[in-house]
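Beneath this line is the structure, given in structure tokens, with notes to follow.
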Amino acid sequence: MTLQGLYVPLITPFTRSGELAADDLEGLAHRVLDRGAAGIVALGTTGEPATLTGPERGRVLEICAAVCRERGAALIAGTGSNSTADSQRALAALDAGVVAAALVVVPYYTRPSEDGVVEHFRRLAAVSPVPVLVYNVPQRTGRPLSAETLCRLAELPNVAGFKHAVGGIDEATIAFLARVPADVAVLSGDDLYAAPLLALGAAGAILACANVAPGAYAELIEAWRGGAIARARELGNRLAPLAAALFAESNPVVIKAILASQGLISSAAVRLPLLPASDTATESALAAWDGISPANR
């Protein structure tokens, strides 16, 4: 499959009493697609999947799948763990008629060798009924990957791309983007570094901040891919303060605070161990959000 454009990793909204807010989730899914997203990601890190029950995760997928079917949009499902066997079972259970691709995180906490990471994904891609996106996020996994390893992963059958979120534009990123096959999509997963990664040739992005300003991020990607360099640079510079403000505290607490303040979700509630955003972080993010054109929010 070809992945390009903006994919929004949706938050999981909760009611004030802490239950899944299904109507809010459906509304958010339609909103980001209305504003130019190519698809949505369900159960990504931004969706707090670690604190959801099994039935809640199933309901989130069901809601997102229904919206994507109605809108002709792609649904990417977040999955995977630091257990190869458990990840194989989770992937094998995905319905290819519902899910377009699986976003699978690099094994975390156990810190396998890079050869171990390659073998992990080799086995997962072999059993997955849908294309696999490798989620490379060393800040969370503790396992950085070299350009050579990234290229080896890109060569695996059924690996369609990467969510690349390494916290900057480093030497491995530059070398990888120079060598990645044309049929493998690299999607920026770092909101603050989305513009420079797009300038280096990324096909699109999976951005948490697009919960708040989907139109602006969709236009940013379109501008870079379409060669409107001046406009792309302008948008990137304007969005950088927003990304910094929304990530001033643990994702997605500030994002939820902004969405709730605008009436887009009924509550900013998160689940422990996350705590609600501070007033200071919320006010700073609202100030940055005010700098984005209402037509692009």
Side-chain angles (χ1 to χ4, degrees), residues 3 6-35 37-81 86-87 89-105 108 128-133 135 137 140 163 187 189 206-212 214 246 250-260 264-274 276:
L3 290 165
L6 174 65
Y7 298 85
V8 183
L10 292 179
I11 63 150
T12 300
F14 302 124
T15 65
R16 288 181 175 82
S17 60
E19 298 172 343
L20 176 65
D23 289 345
D24 286 351
L25 178 60
E26 182 179 358
L28 286 174
H30 279 293
R31 177 176 178 267
V32 301
L33 294 174
D34 285 342
R35 284 158 175 76
I40 58 179
V41 179
L43 304 176
T45 306
T46 304
E48 300 173 72
T51 65
L52 300 178
T53 65
E56 285 174 332
R57 287 192 291 271
R59 182 64 176 138
V60 168
L61 274 176
E62 180 182 272
I63 292 167
C64 293
V67 172
C68 286
R69 277 197 303 270
E70 178 184 340
R71 302 295 299 272
L75 174 62
I76 299 172
T79 186
S81 71
D86 285 348
S87 299
R89 284 189 285 270
L91 281 167
L94 292 177
D95 184 348
V98 172
V99 176
L103 179 64
V104 183
V105 68
Y108 47 82
S128 178
V130 298
V132 169
L133 291 174
Y135 184 11
V137 56
R140 291 183 179 273
K163 179 182 178 183
L187 305 176
I206 298 175
L207 301 175
C209 294
N211 279 275
V212 170
L246 290 173
S250 298
N251 182 41
V253 303
V254 183
I255 290 172
K256 282 191 163 185
I258 301 305
L259 292 173
L264 295 169
I265 56 176
S266 56
S267 166
V270 293
R271 288 181 176 172
L272 285 168
L274 294 177

Look only at the side chain of [X] and the backbone of [Y], and say whether a donor-acceptor pair between them is shorter than 3.5 Å.
X      : Y      : answer
Arg31  : Pro214 : no
Lys256 : Thr12  : yes
Asp24  : Pro13  : no
Thr15  : Glu19  : yes
Asn211 : Ile11  : yes

*Name the one of Leu103, Val105, Leu91 that satisfies side-chain contact (heavy atoms from CB on, under 4.5 Å) with Thr79?*
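Going through the options one by one, the only one that passes is Leu91.
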*Say you draw a straight line from CD1 of Ile206 to NZ of Lys163; how long is it, rounded to the nearest 0.5 Å?*
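Going from the CD1 atom of Ile206 to the NZ atom of Lys163 covers 5.5 Å.
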*Would Ile265 and Leu28 satisfy side chain to side chain contact (heavy atoms under 4.5 Å, CB included), going step by step from the backbone distance to the final call?*
CA-CA 8 Å; Ile265 56 176; Leu28 286 174; 3.7 Å; yes
*Pair Glu56 + Arg59: basic N to acidic O under 4.0 Å*: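 Arg59 and Glu56: not salt-bridged.
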_Counting only heavy atoms from other residues, nucleotides and ligands, does the tally under 6.0 Å from CZ of Arg271 exceed 12?_
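Counting other residues, nucleotides and ligands, CZ of Arg271 exceeds 12 neighbours.
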_Surrounding CG of Asp95 (heavy atoms of other residues, nucleotides or ligands, distance under 6.0 Å), is the total greater than 12?_
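Result for CG/Asp95: enclosed.
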Taking all non-hydrogen atoms of both residues into account, name the closest pair between [X] and [Y] and its distance.
X      : Y      : value
Ala37  : Leu33  : O-CD2, 3.5 Å
Gly47  : Leu52  : O-CD1, 4.0 Å
Ala77  : Leu94  : CB-CD2, 4.4 Å
Ser267 : Ala260 : C-CB, 4.0 Å
Cys68  : Ile40  : SG-CG1, 3.5 Å

*List for me each residue that meets salt bridge (Lys or Arg N to Asp or Glu O under 4.0 Å) alongside Arg89, sequence neighbours excluded, and say none if there are none.*
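With neighbours one apart ignored, the set is Asp86.
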*Under the salt bridge (Lys or Arg N to Asp or Glu O under 4.0 Å) rule, collect the residues that match up with Arg69, sequence neighbours excluded.*
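With neighbours one apart ignored, the set is empty.
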*Between Phe14 and Ser266, does a side chain to side chain contact (heavy atoms under 4.5 Å, CB included) hold up when you go through it step by step?*
CA-CA 8 Å; Phe14 302 124; Ser266 56; over 6 Å; no
*Measure the shortest side-chain to side-chain distance between Leu10 and Val41 over non-hydrogen atoms and say whether it is less than 4.5 angstrom.*
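When only atoms from C-beta onward are counted, Val41 and Leu10 do not touch, as no gap falls below 4.5 Å.
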